[in-house]
Every structure is written in structure tokens, then in C-alpha cells.
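Some notes on the structure that comes next.
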Amino acid sequence: MARITNPRQRTTILYQVMELNYLYSKALDLIPLTTEEGLFLYEKAPLEELMFTGDLLRQVHNPGMNAGWMIDRNVNITNICFSQCTFCNFCRKKGSPDAFTTPISDYIKKIDELFALGGDQLLLQGGMNPDLGLEFYTELFSRLKELYPALKLHALGPPEIVYLAKKERISYSEVLQRLIAAGLDSLPGAGAEILSDRVRKKVSPAKATSEEWIEVMKVAHTINLPTSATMMYGHIETIGERIEHLVKIRELQDEKPHGHYGFITFIPWPFQDEGTVLAEKYGIRSSYNSSDYIRLIAVSRIMLNNIKNLQSSLLTVGKEVAMLSLHAGANDLGSIMIEENVVSAAGAHYRFGAEEIQGIIREAGFTPVRRNQKYEFLDK
Ligand code: SF4
């Protein structure tokens, strides 16, 4: 390796190393890093150092070598959506020949399959269909719980709550309380994308603003509804906006009442561009690459000093990257997700069965542990 002889260059490098070491030490003491510090780490830190720090922090939050996974099933309530986000290749306009709203008979078939495979949770997502109001959802949830009392419903997301509150002219709290009374068990962090209105105006202009997303989550945390936080990145956002997103999630988690669930996990996944308006019309391709994903996982673990679980998106990044993520701060590979239609409609084609996901975790040097949505271990 060539020696650096330029004194100014040497001083700059020395300061950078000192600054990085200071930030690693601050992170390991679980002291929150500022946006500027997070950005500095993301842009300047060597990947192996970030991974090392992320892994140490993973062990602080989740001692040992367990890595979680679960069995659940995605059912899409409807693909009709007025939002027409430019990254979405799943939604259809009302009246489209392939528009659908899932009939109850399909739920029954799918839930029977889910239980036969040992799972008990439905992830219910879909579009914001202007014909479906709060009553549709409460009746659907009640019916499903009546038929399957042991079923868990991880359903909708902040944009749907905002939409339903506006449609019914009631508060977020009332929407959530009525959904909970009907059978909602937990609220996915769907629709966060990047919590920056500059970005949202371009990728999801008709959807909840970042303030609205945050407000719904605040209410969910106050009434102690378990939630998750997500990030869909790699489209038009800057690295700074990724870090700001993490800081907003952390600050929101800090505000949750003591002892409440808050965000149980954080799950980042890359934009899937296949057939999307962003790619086809605006030429914006996914900026995903494996080392950047690992970097994001490590920086997320470092920035989110108050969220215990960090899930790597096996479904979108595949086996090798998911395995590496477990050595960079992630402690979970998510679900085998029996059916998934939203990200797979835009190019995520990875599929894994129960044996495979456990094999991947073992191959990475961890012990697979099946868990539920609250990240409680079920068996080993
Ligand atoms: S991402 Fe969700 S809200 Fe946006 S268009 Fe697709 S289904 Fe609708």
C-alpha cells in the first residue's frame, strides 16, 4: 500500500479515524447519534467496521446467536387503490379487468392452508379502495376472528388509517379502537417509504404525509397497539433523507409511553423497480446493491438505539445478503410469507420455505428460532 506523504491528507485521515472511533464508542454506549453523525458514518465508515459495530449492538439488544423467523400469510384485501404510487406495480384502478376485492371464501381457503403449515397470522394489506369504508374492515376482521379465534391479524398501515379517518370523519384513535375491537392485533409500518415529504410528493403524492404517518403511529403507541417500522429506499431519496428517516423513527419510539410495545422491529427493504411508473416513465431504477444494504442494516442498528429488533428483508435481498445482514446488526429474517403480491409484482422473486429459512440462518452461524409478531420465541 502506498504511504500517504501529503501532511494535509494525513491530518484529514487521522481526524476521520478519530471521529469514526468516537462515533462507534458513542453508539456502543447507546447514546443517540445526530443526523450529521449518522450521515458521516454512512458515507465514511469502512463497511467492515460498521458491520462489527452493528453486530456488537445486535448482541447488546439480543444476546446470544438466535435469529428469528416466522410463518405468516399475506392476503391482499383488494388491489384497487386511488393512491397510484409511482413505485407500485400492484394497484389497479377501479373498473380495471384484473381489479379484485378478495371474497371471504378465499380467506377461508388461505387461512386453512396457513394453519396446516403451522402459522397463525395473516398480513392483510392492499390498496385504498374508495368503495371500502371502516365498516367493511371491521366486519371482515370480526368475521375472520369468529371463524378462527386463534388467528392473528397484522393488518393495514398508517396510510389506510389516515384514509379511513378522513372518509369517516373520525379520529385516528377511533379508527384504531374500532379495528382493534373487531380483531386487529398489530399495525404494520407500511407506507412509510421515506419519511420526507419532498420524496413522498414524487413517489406517493396521494398517500399519507410523513406527519400523518407519524401521528397515526403515535396514537397506536399510546393505545399500546404493537407496531413495526419500515423503510422502502433506493429510489429518489438522498442518503441524508435515509438518516433523517431513522432519526424520526427513533424519536417516535422515544415518545412511546413506558412499558408500551411501540415499534417492535425495524425492517428496511429496497425499491423493486420492475414495471413501475418510476422506472418506466421516469427512468428511475433501484439503486440497490448488496454492500449498500449491509451498510444500511449496520447504520440502522447504530442509529436505532431504542428498537430491539432489526429484520433483514430476505424476500427482497435474497439468501447471501440476508446471511451477511445477520453479521451486521440484523437479528431476524422475517417470514416465509406464503403469499406476497406487492413487492413481488415489482420484481422481488425470492421464495423460501420453512426448512430453507432455517437452513439459511444455520448456514450464517445462528440458531433459527420461530417467533410470533411480537418477536416472542415460540420454539427452537
Ligand atoms: S403502494 Fe399501496 S397505497 Fe401505494 S398505490 Fe400501491 S397499494 Fe396503493
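Both counts, for ligands and for their atoms, begin at 1 and track the order of listing. Small disclaimer: the values here were computed from a predicted structure and weren't measured.
Cys81 lies close to atom 8 (Fe) of ligand 1, since one of its N, O or S atoms is found at a distance under 2.8 Å.
Pro268 places a side-chain heavy atom less than 4.5 Å from the side chain of Ile297.
Of all the listed residues (Glu160, Met128, Arg92, Lys207), Lys207 holds the heavy atom that lies closest to atom 2 (Fe) of ligand 1.
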Table please: side-chain donor-acceptor pairs of residues 23-33 below 3.5 Å, with sequence neighbours left out.
from: Tyr24; atom 1: OH; to: Glu49; atom 2: OE1; distance (Å): 2.6
from: Lys26; atom 1: NZ; to: Glu37; atom 2: OE1; distance (Å): 2.8
from: Lys26; atom 1: NZ; to: Glu37; atom 2: OE2; distance (Å): 3.1

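When only modelled atom types and interatomic distance are considered, Asp197 and Ser210 share a side-chain donor-acceptor pair under 3.5 Å.
At a 4.0 Å heavy-atom cut-off, ligand 1 touches Cys85 through backbone and side chain alike.
In summary, the atoms of ligand 1 found under 4.0 Å from a heavy atom of Phe87, numbered by their order in the structure, are 1 (S). Using a 4.0 Å cut-off to heavy atoms of Gly127, the atoms of ligand 1 that qualify are 7 (S).
Salt-bridge formation is not detected for the pair Asp120/Lys152: no Lys NZ or Arg NE/NH1/NH2 atom is positioned less than 4.0 Å from an Asp or Glu carboxylate oxygen.
Under the 4.5 Å side-chain contact rule for hydrophobic residues, Tyr261 and Ile214 do not share a cluster.
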